[in-house]
Number of protein chains: 2
Amino acid sequence: MSAPVPSSPPSDRVPLSRDRVLASAVAVADAQGLSGLTIRSLAGDLGVKPMSVYHHVANKEEILDGIVDAVFGEMEVPSDQGEWRAEMTRRARSARAALRRHPWAIGLMESRTNPGPATLRHHDASIGMLRAGGFSVVLTAHALALVDSYVYGFALQETGLPFEGADTAAEVAGTMLEQFATGQYPHLVELAEQHVMRPGYDFGDEFGFGLELILDGLAAARQ
Amino acid sequence: MSAPVPSSPPSDRVPLSRDRVLASAVAVADAQGLSGLTIRSLAGDLGVKPMSVYHHVANKEEILDGIVDAVFGEMEVPSDQGEWRAEMTRRARSARAALRRHPWAIGLMESRTNPGPATLRHHDASIGMLRAGGFSVVLTAHALALVDSYVYGFALQETGLPFEGADTAAEVAGTMLEQFATGQYPHLVELAEQHVMRPGYDFGDEFGFGLELILDGLAAARQ
DNA sequence: TAGCACCCCCGTACTTTGTACGGTACGGTC
DNA sequence: GACCGTACCGTACAAAGTACGGGGGTGCTA
């Protein structure tokens, strides 16, 4: 733990830039969580002293805005050439994947009211695709609000889950089981025993069910 | 601004308690935002010195867990006596209302993996209600994941909106319009001009559309 | 009624974090 | 060679979480 370990190879001559700062910020947040992202840890990752960062961003808020926009930049941008339902599926799945790679982004979205260029581009393309797919202006607004709510909310629940895989589940079970043991939550216990705790269950698999249901509904509304 | 102004009336003899701490924490977060909720501001609101708080909670994390659970406690608990669709509607609307009253809760949910008693009770009752309404165990899991994703995601978008009412919209418009003016986001502009910027538009109204669509889909799946 | 235990609260101080302020080194231009 | 802008750094301070060690009031026991 003596020398800082930059996430990017020590190609030392690269002179730092807003983009390098944001890329490092994403990497640090991925590795240490949002609370681990401090100006000092970020500078350490960049192989630079803390105050140097401030020559490329105004303050930490701007960094937070920037990394949220970076996450939007990782989502696939829909094309208005494709069939709307396939495009929406692709869009939703890649959005969920991006939010899974960067779970801290969800918590940040509430509080950032400053959409960046990638965010705007993403939304613009989505609207264009639906309009090209025959959706009215009003129905486009409905559809995007609905699908995005579902995607963000699903990601929120997914990252807020008490367990990651089967490995940590036991520990959590210990914490909660004392409460369950009192018999106060019979339905929760039933659902856990008969479904969630069964081998092979993965909350992530619920995503497809809801997405299809929603797209079915939108297809019907489009008529 | 000399004396601290407690949010609760200065009924001074009440001796502080975990519940009073959490209630004040909710009030402070509502008033100042989550970043305004510090041990010192909380103590100030309680009319007490900072370290006194630590006799009732272990640390700030526990406060954050506690206020999230408090928000869940404000949501109406579904009854397994009622008709499932009406109960789900009531549940979803009251959840959204609670998250609107306490926008900071959404950002907190990601990061809190420690559900409190109100949260567990809420989920338990919801499961029981759906089971009583004829949903299979598997479909119950699907339905809750779907509806909750929608509700949380909608709330997330709602609080992340760049404007509150028509009042601040102008300011935001100024910030973004320079980007819009470049013509990079034609579809966004169309949607804004023809729909969102029209008098009477309220993003909150989108909620009902998606909820009904989802419940229609679940009703069909239940057969 | 004197003594005592205990619960609740507080004063002080240390650590971590964001960031203001003023350098300093280096490359280019007149 | 004098000047200057760009990029980075050293120092320092304020705000926030919280460890540690009291102290004062209330009620119990003798």
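Order of the sequence lines fixes the chain letters, A, B, ..., with proteins taken first and strands second; residue numbering starts at 1 for each chain.
Nearest nucleotide to the Leu16(B) side chain, out of dC10(C), dC9(C), dG18(C): dC9(C).
Regarding Arg40(B), its CZ atom lies at a distance of 13 Å from the P atom of dA14(D), rounded to whole Å. Computed from coordinates, the Leu42(B) CG to dC9(C) P distance equals 13 Å when rounded to whole Å.
Qualifying ring-ring contact (aromatic ring centres under 6.0 Å, His included) partners for His56(A), counting only residues two or more places apart in sequence or in other chains: none. Here Thr89(A) pairs with nothing under the side chain to side chain donor-acceptor pair (under 3.5 Å) rule; sequence neighbours left out.
Counting only distance, with no hydrogens or angles, the side chain of Glu62(B) and the backbone of Ala58(B) share a donor-acceptor pair below 3.5 Å.
The aromatic rings of Phe72(A) and Tyr152(A) stand perpendicular to each other, their planes meeting at an angle above 60°, with 30° marking the opposite boundary.
The stretch residues 49-64 of chain A comes close to DNA chain D through Lys49(A), Met51(A), Ser52(A), His55(A), His56(A), each having a heavy atom under 4.0 Å from the strand.
Residues Ser149(B) and Gln157(A) bring a donor and an acceptor atom of their side chains to less than 3.5 Å of each other.
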